[in-house]
Student: 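Let me begin by handing over the structure; questions about it come next.
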Amino acid sequence: MEIGFIGLGNMGAPMAKNLADAGHQITGFDLDPAHAAAMQGVITVAAGLADAAQGRDVVITMLPNGAALHDVASDIIPLMSPSACFIDCSTVDIKTAKIVADMLETAALRGLDAPVSGGVGGATAGSLTFMVGGDEDTLALARPLFEIMGQRVIHCGDAGAGQAAKICNNMILGATMIVTCEAFALADQLGLDRHRLFDVVSTSSGSSWSMNSYCPAAGVGPPSPADNGYKAGFSTAMMVKDLALAQDAANMTGTDTRIGQLALQIYQQFAALADHADQDFSAILNDIKNPDQPA
Ligand code: NAD
């Protein structure tokens with residue numbers, strides 16, 4: 001297929017590469033010239049946004065937030081071919097996902113919201129989980145692409161349902177990462193070796209993705225951003241965004257999400273410290289750890 005890929009950051013770059021490696025013709029664009037240049041030779045780098053979208057069978061977006069998605073969608077929908085499909089894989093608010101779905105419907109184009117889980121490791125390995133909102137026929141068309149970039153595809157419902165699932169997932173992730181870091185801080189104070197804590201928790205009822213696959217303590221568990229000086233990965237700023245999206249949705253629906261609210265406050269305070277917003281979200285261990293222990 002001829003695919004336009006817009007947003008070649010931490011996630012978009014490896015996803016676009018996997019599609020190119022599978023034989024698709026990828027024309028990519030990123031606002032940041034350095035991110036686009038890094039993909040030279042892997043995909044075709046577009047001269048501009050329009051070049052990435054015009055005449056493509058599918059356009060995939062992997063953008064930081066709803067405002068960027070809205071801007072890109074407004075610019076490219078009028079340029080897209082009549083039979084083309086627009087797949088947004090970013091994590092954005094449900095309202096923007098539905099607005100973009102309406103814009104596509106008005107233009108008689110197909111579209112899906114298809115946010116992902118699995119992090120940069122999953123994007124690189126082609127093992128992401130896609131949570132999809134939109135109609136069955138459009139999903140059938142897009143499924144072969146999802147199966148290149150990921151291992152699991154879950155049809156969550158109509159437009160916006162993928163984002164609803166993603167927001168719920170990341171509320172769990174944020175809260176779980178914080179309490180995992182609290183457990184390491186407590187273990188330190190109790191004189192319990194961090195490797196032994198990992199060995200127990202990762203095979204016990206306290207296990208989670210935060211502990212088992214993305215351990216926030218350096219040198220413990222499989223490789224993670226903690227082993228790379230907390231270079232994101234999934235940035236603290238992105239986690240603040242997702243926890244705020246969850247709270248917006250909770251407020252909109254009158255849902256009691258006290259732990260999600262507290263997780264948002266803790267991450268907002270952490271992100272406000274100098275140079276912290278760009279660090280991986282697992283760096284919150286440095287804030288929670290006891291002063292006499294290394295991270
Ligand atoms: P990123 O900041 O590394 O990449 C986003 C890219 O979009 C950047 O390169 C930026 O220059 C580009 N961009 C911004 N506005 C643009 C525009 N108008 N036109 C073209 N390019 C534009 O972010 P990321 O970590 O790759 O995350 C992308 C999305 O995926 C986010 O919505 C995030 O919440 C979600 N996500 C990230 C992870 C993760 O582990 N990083 C995991 C799951 C989901």
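Numbering of ligands and ligand atoms starts at 1, following listing order. As the structure is a prediction and not an experimental result, all values here were calculated from the model.
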Student: May I ask you to identify the nearest protein heavy atom to atom 25 (O) of ligand 1, giving residue, atom name and distance to one decimal place in Å?
Tutor: Asn10 CB, 3.6 Å
Student: Give me the ring orientation class for Tyr214 and Trp209: parallel if the planes are under 30° apart, tilted from 30 to 60°, perpendicular past 60°.
Tutor: parallel
Student: Find all atoms of ligand 1 within a distance of less than 4.0 Å from any non-hydrogen atom belonging to Thr91, and give their numbers and elements.
Tutor: 32 (O), 34 (O), 35 (C), 44 (C)
Student: To check your reading of the model: name the closest protein heavy atom to atom 30 (O) of ligand 1, its residue, and the distance in Å.
Tutor: Met62 CE, 3.1 Å
Student: Give the numbers and elements of all ligand 1 atoms closer than 4.0 Å to a heavy atom of His35.
Tutor: 8 (C), 9 (O)
Student: When you compare ligand 1 with Asn65, is there at least one nitrogen or oxygen pair between them that comes in under 3.5 angstrom?
Tutor: no
Student: Do Asp88 and Thr61 pair up side chain to side chain, a donor and an acceptor below 3.5 Å, judged on atom types alone?
Tutor: yes
Student: Sequence neighbours excluded, which residues qualify as side-chain contact (heavy atoms from CB on, under 4.5 Å) partners of Val120?
Tutor: Asn10, Met11, Thr124
Student: Within the structure provided, determine whether Val72 and Leu63 are in side-chain contact (heavy-atom separation under 4.5 Å).
Tutor: yes
Student: Please could you name the atoms of ligand 1 that Gly7 approaches to less than 4.0 Å, counting only its heavy atoms?
Tutor: 7 (O)
Student: Enumerate the atoms of ligand 1 whose separation from the nearest heavy atom of Lys241 is less than 4.0 angstrom.
Tutor: 31 (C), 32 (O), 33 (C), 34 (O)
Student: Does any N/O atom on Ser90 come nearer than 3.5 Å to any N/O atom on ligand 1?
Tutor: no
Student: Which option out of Lys166, Met11, Met238 puts a heavy atom nearest to atom 2 (O) of ligand 1?
Tutor: Met238
Student: With heavy-atom distances below 4.0 Å as the criterion, list the atoms of ligand 1 near Gly9.
Tutor: 3 (O), 4 (O), 6 (C), 9 (O), 26 (O)
Student: What part of Val72, side chain from CB on, backbone N/CA/C/O, both or neither, has a heavy atom under 4.0 Å from ligand 1?
Tutor: side chain
Student: Less than 3.5 Å apart, any donor N or O on the side chain of Thr255 or Thr253 sitting next to an acceptor on the other?
Tutor: yes
Student: Over all heavy atoms of both residues, which pair between Gly221 and Phe198 is shortest? Give the atoms and the distance, please.
Tutor: CA-CZ, 3.5 Å
Student: Less than 4.5 Å apart, any side-chain heavy atom of Phe184 and any of Leu197?
Tutor: yes
Student: Side-chain donor-acceptor pair under 3.5 Å between Gln151 and Thr129, yes or no?
Tutor: no
Student: Considering only protein heavy atoms, which is closest to atom 6 (C) of ligand 1, and at what distance to one decimal place?
Tutor: Asp30 OD2, 3.6 Å
Student: Where is the tightest heavy-atom contact between Cys89 and Phe130, given as atom of each residue plus distance?
Tutor: SG-CE2, 3.8 Å
Student: Provide, to 0.1 Å, the distance between atom 7 (O) of ligand 1 and the closest protein heavy atom, together with that atom's residue and name.
Tutor: Pro64 CD, 3.6 Å
Student: For atom 41 (N) of ligand 1, which candidate among Gly233, Gly66, Gly119 provides the closest heavy atom?
Tutor: Gly233
Student: For atom 15 (N) of ligand 1, state which one of Leu31, Val120, Asp32, Asp88 supplies the nearest heavy atom.
Tutor: Leu31
Student: For the CG atom on Asp248, are there more than 12 heavy atoms of other groups (residues, nucleotides or ligands in this structure) within a distance under 6.0 Å?
Tutor: yes
Student: Using a 4.0 Å cutoff against the non-hydrogen atoms of Ile6, which atoms of ligand 1 qualify?
Tutor: 20 (C)
Student: Can you find a pair of side-chain heavy atoms, one from Met80 and one from Val59, that are under 4.5 Å apart?
Tutor: yes
Student: Between Asn170, Leu63, Leu49, Val116, which one has a non-hydrogen atom sitting closest to atom 44 (C) of ligand 1?
Tutor: Val116
Student: For atom 40 (O) of ligand 1, tell me which residue out of Phe234, Phe5, Tyr214, Phe29 has the closest non-hydrogen atom.
Tutor: Phe234
